[in-house]
Amino acid sequence: MAREIAKAYEPQRIEPRWAEYWVKEELFKADPGAPGPVFSIVIPPPNVTGSLHIGHMLDHTEIDILTRWHRMRGYNTLYLPGMDHAGISTQRVVVRKLAEEGIDYRKLGREEFERRVWKWKEESGGKITEQMRQIGESCDWSREKFTLSPEMSRVVRDVFVRLYEEKLIYRETRLVNWCPVCLTVLSDLEVVHEERQGHLWHIKYPVAGTDQFVVVATTRPETMLGDTAVAVHPEDERYKALIGKKVLLPLMKREIPIISDEMVDREFGTGAVKITPAHDPNDFEVGRRHKLPEIDVMTDDGHMNSNAGVYAGLDRFEARKKIVEDLKAQGLLEKITEHATAIGICERSRTIVEPRISTQWFCKMKPLAEPAIAAVERGEIRMVPENRREEYFNWMRNIRDWTLSRQLWWGHRIPAWYCGEHQHITVAREAPAKCATCGSTKLAQDPDVLDTWFSSGLWPFSTLGWPEETPDFKAYYPTSLLITGYEILFFWVARMIMLGLHFTGKVPFRAVYLHSIVRTPNGEKMSKSKGTGIDPIDVNRRFGTDAMRFTLAVTASVSDVIWTEDRIQSSRNFANKIWNAARFLFVNLNKFEEGGTKLEELAAPEVRAKAPYAIGGKVPLVDAWLFARLAETIELVNVALSDYRFHEAAQGVYQFFWGDFCDWYIEWVKPELQNADRERAIVAWKNLFAAFDAALRLLHPFMPFLTEELWHQLPQKAGAKSIALDRFPEARANWKNASALSQVALIQEVVTALRAIRAELKLDPKKKVTAEFSTVDASSRDLVQANRTAIERFAVLSELRIVPREQFDAKSGAVRSTAAFDVRFAYSETVDATAEKARLKKEIEGLQKASTSKERQLGDETFRSRAPEKIIKGLEATLAEQRIELQKLRERLAQLESGA
RNA sequence: AGGCCCGUAGCUCAGUUGGUUAGAGCGCUACCUUGACACGGUAGAGGUCUGGGGUUCGAGUCCCCACGGGCCUACCA
């Protein structure tokens, strides 16, 4: 069979085929009854409105690497995909879309609107899951979930009712964060604080019945229309006499009291503060303490309302301007100062959040937080990187109640009904027929929906069938791991821990790996609106999904990642390198097969399983070495991945495949593959294929497409469907071989030394010359002797003469020395003496410095008495080597300087 | 205001309990279109680890201070 392999790696030609195959064959369908240890992971559900961005790509790459790695190591593996209904975003998207069609969603009515959103969801939602299939994530698509599906909704209602019955959910009127654009209340987390340069307006409030003023300072003059008091500190001598008197609220001509409250900071501003209970959290508290009226002066969309007198109808910022002008005109504006303040912004609409009095549903968090803190403290959940624990603890210990309700139509409707007679509240899993308190049948359901994060908070168990003890729940809960970005530690991770512990009594996952953010080359956050984001699908198309995955793996780290295209080029090059290594194997195999050998004979699974093969009872050195390196790399990858050090694992595979397998191994065995002695050639082929196959499996979690494609070119067991279901290579005991490692290292040093001389001599790369090798170590000599032909080929020599030390002429020609050996080219044209002298001097200087510091250390009695034996021995050995090398280099330099 | 992180080669980053001349990728220099691969090969140049102080036989690694950059939490009008 002649195999056709394209000259260059073309991901576009192989990826779609396998992506489709993996989904169609349902290769990654989990079986809760399957044997083996369990590895389960649920996806951080992406927004149904979204499309895949680089953050998902990183997240999903890490998840998929670990999933594939576990699966290949025989774990009963589940990677559960799904989507989030994303209340605010989705509603915004559909509202905008309707507006474009000239439809006001409010006129449609709730039911029709919801119908439209579902329709939109079916048609255009879930682009991400399509993209996930495209990039070959090894999910179990049969278990895909959606946070707003009927089955998820049932769990949400159940949980809500339980928490209500436990008095952990309650309804209350208080000051909340209101977004005048989204027209809904927001939780504290949805308000982002941004430092902005603003002003402090100093306003004079006339004291009633006098010609005095009290000056108050405010950052938001428009709220003064709702002032119901002025507060001063009770101990403040400046204002003591005024306490209990009244001021005339400018512009409103309303008398309000001067009160005293400990909360006033005498140092700030003027020491007198206007109190607007309906528009400021602090003032709200003061207002409640002093039973002050709460006057709301704004509408829900950020305009001034009828309580705002002549300003009614103005937008809040226009009102501010107008008010300042009017105050100035009346001579009541004392001064304006610059003032930096952290302002609350709605993270969705980017508008300034308005504190507003409102009746909402809340969840009491303290009782939920305590066990969640303890679980992390006790290490029941491992948090990586560990320093995020502090952030978690800090937030959890100061946690505040969670505003659950949202004034939206898209989401889980709050399962609470109010009776028309007395406004009694009935909270139930299903719509009740009558009021639970008075039996009235005039019931109306709460129009609001729940915060999207409330349903996401149940995700690890709701998706597995809880509250039923389903086989999935029993097998896969607690999940093994959660991988997500640190930016949703509070939004999501903390809440899952709290709700998971509360409802299942178990942690929702045993570990959390919080990855970094991918930033632009300038170090900024990528932003769709600024156009600084990159589209991973587009990059995948250009470089290959495998290259993208590899790049993300190799750059993944605790700190944020800067995206540059250099990296992905290098990953693409790596893929191409592997592709071409495969090409070498198969193209050459075609020639070999002409002699009658079948691929089956060289590379059948059972043949590969027994590698490395020996010749005359001995495994050839280079094969022993390669398998030893393979074993080392496998161990490195296993250790690194179990600690989420993706970059280390990826780098290890890269180094092995490119540096060891391609650069040395393939080059070394090339002649053997063509060896006239067919038995020898067959052994070489068998070892080569076995190593290649193992290396493919090692690489598979990182580059699934490329490895799947090439794996299928090798003979596989009957019925074998995918490399993804094959075994991850194991570092077998008989592969480990320390002496092969050190022997090949020595040969590599010899070759490198010879090549370096060639380069200095600027020899024609094809010109074969004679070289000499000398050593005082008998085993090194034998080793070089035994591998002479390989060295000759690597260094393009006509002959490598092995000469006894005493016959080695270091006085002429070009010489390179290490402590262990010397090599020399008996070449008439000498090296550029000036350059060589400079090189020697530099080398001597470095060695000199290193050896002197060792001598000093070793001469120090304190060091000798305190340092571990191992360190001392190591230092002594290195020093001895350095002294020999130093001596050789000095001799050489002396010759050059004295000589010609 | 409190807390956290970072500052290592021209660029982007590794560097696991402190221990032997500090690593990678990209870029750079020289040579090479050699039958797997120019998305390549070979050989090289290039950091003393932001600065200062301390602990230690020994510090890129631990502690303190300063400078520079980033992030999170927080109701200072």
Side-chain angles (χ1 to χ4, degrees), chain A residues 5 7-9 175 188 193 200 216-220 223 231 263-265 267-270 272-276 280-285 339 341-342 344 355 385 387-388 390-391 394-395 398 486-487 489-490 517 521 523 543 554-555 557-567 569-588 639-640 643 645 647-648 651 654-655 662-663 666-667 752 755-760 762-766 796 846-847 849-851 853-854 857 860-868 870-872 874-879 882:
Chain A
I5 296 196
K7 194 163 175 189
Y9 159 67
L175 204 74
D188 296 333
H193 294 271
L200 206 51
V216 299
T218 181
T219 52
R220 297 190 299 153
T223 65
M263 136 288 188
V264 179
D265 177 357
E267 307 301 314
F268 189 87
T270 61
V273 55
K274 60 192 269 313
I275 300 297
T276 324
D280 180 277
N282 265 322
D283 296 4
F284 180 78
E285 297 298 321
H339 184 69
T341 179
N387 59 292
R388 298 277 170 202
E390 284 311 310
E391 257 173 57
N394 196 31
W395 187 75
N398 298 297
Y486 62 76
E487 72 276 11
L489 177 59
F490 308 137
I517 287 177
F543 295 96
V554 88
T555 50
S557 74
V558 169
S559 52
D560 289 349
V561 170
I562 303 275
W563 176 264
T564 61
E565 217 159 75
D566 291 350
R567 281 275 188 185
Q569 280 177 18
S570 127
S571 302
R572 189 262 327 260
N573 296 352
F574 179 46
N576 186 58
K577 187 74 182 174
I578 291 156
W579 182 264
N580 275 288
R583 192 163 173 270
F584 168 79
L585 258 67
F586 290 112
V587 166
N588 282 278
V639 169
D643 221 13
R645 296 198 306 270
H647 62 278
E648 206 177 304
Q651 226 169 62
Y654 182 95
Q655 170 56 37
C662 294
D663 287 349
I666 287 185
E667 293 306 325
T752 304
R755 284 170 170 175
I757 300 177
R758 291 191 68 102
E760 275 162 21
K762 302 210 189 317
L763 289 182
D764 176 342
K766 285 180 286 274
V796 199
L847 265 176
K849 237 169 111 181
S851 58
S853 91
K854 282 186 196 63
Q857 266 196 81
D860 183 345
E861 274 316 306
T862 331
F863 170 76
R864 298 201 83 100
S865 62
R866 296 196 192 176
K870 205 177 120 195
I871 296 297
I872 296 173
L875 270 181
E876 282 172 345
T878 314
L879 178 60
Q882 287 177 342

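Here is the naming used below: chain letters follow the sequence lines, and residue numbers restart at 1 for every chain.
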Counting heavy atoms from C-beta on, name the nucleotide in [options] closest to the side chain of [X].
X: A/Asp663; options: B/U42, B/G19, B/A14; answer: B/U42
X: A/Phe863; options: B/C39, B/A77, B/G19; answer: B/G19
X: A/Ala342; options: B/A30, B/A77, B/A74; answer: B/A74
X: A/Asn387; options: B/C75, B/C4, B/C37; answer: B/C4
X: A/Thr752; options: B/A43, B/A77, B/G41; answer: B/A43
X: A/Arg572; options: B/G19, B/C39, B/A43; answer: B/C39
X: A/Met263; options: B/A43, B/A77, B/G40; answer: B/A77
X: A/Phe584; options: B/A74, B/A14, B/A36; answer: B/A36
X: A/Glu391; options: B/C72, B/A77, B/C37; answer: B/C72
X: A/His339; options: B/A77, B/G19, B/G25; answer: B/A77

Reckon A/Thr341 has a side-chain N or O less than 4.0 Å from the OP1 or OP2 of B/A77?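 Yes, within the criterion.
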Look at the side-chain N and O atoms of A/Lys577 and state whether any lies under 4.0 Å from the OP1 or OP2 oxygen of B/G41. yes
Using a 4.0 Å heavy-atom cut-off, does [X] contact any base of the nucleic acid, only the sugar-phosphate backbone, or nothing at all?
X: A/Thr564; answer: nothing
X: A/Asn588; answer: sugar-phosphate
X: A/Glu861; answer: nothing
X: A/Arg567; answer: base
X: A/Asn573; answer: base
X: A/Asp764; answer: nothing
X: A/Asp265; answer: base
X: A/Lys7; answer: sugar-phosphate
X: A/Glu667; answer: base

Using the P atoms only, state how far B/G47 lies from B/A24, rounded to an integer number of Å. 15 Å
Decide, yes or no, whether a salt bridge links A/Arg572 with A/Glu565 under the criterion of side-chain N to carboxylate O below 4.0 Å.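 No, A/Arg572 and A/Glu565 are not salt-bridged.
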Could you go through the side-chain contact (heavy atoms from CB on, under 4.5 Å) check for A/Ile517 and A/Tyr486 one step at a time? CA-CA 8 Å; A/Ile517 287 177; A/Tyr486 62 76; 3.4 Å; yes
Taking pairing as Watson-Crick or G-U wobble with both contacts under 3.5 Å, can you name the mate of B/G44, or confirm there isn't one?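 WC or wobble partner is B/C28.
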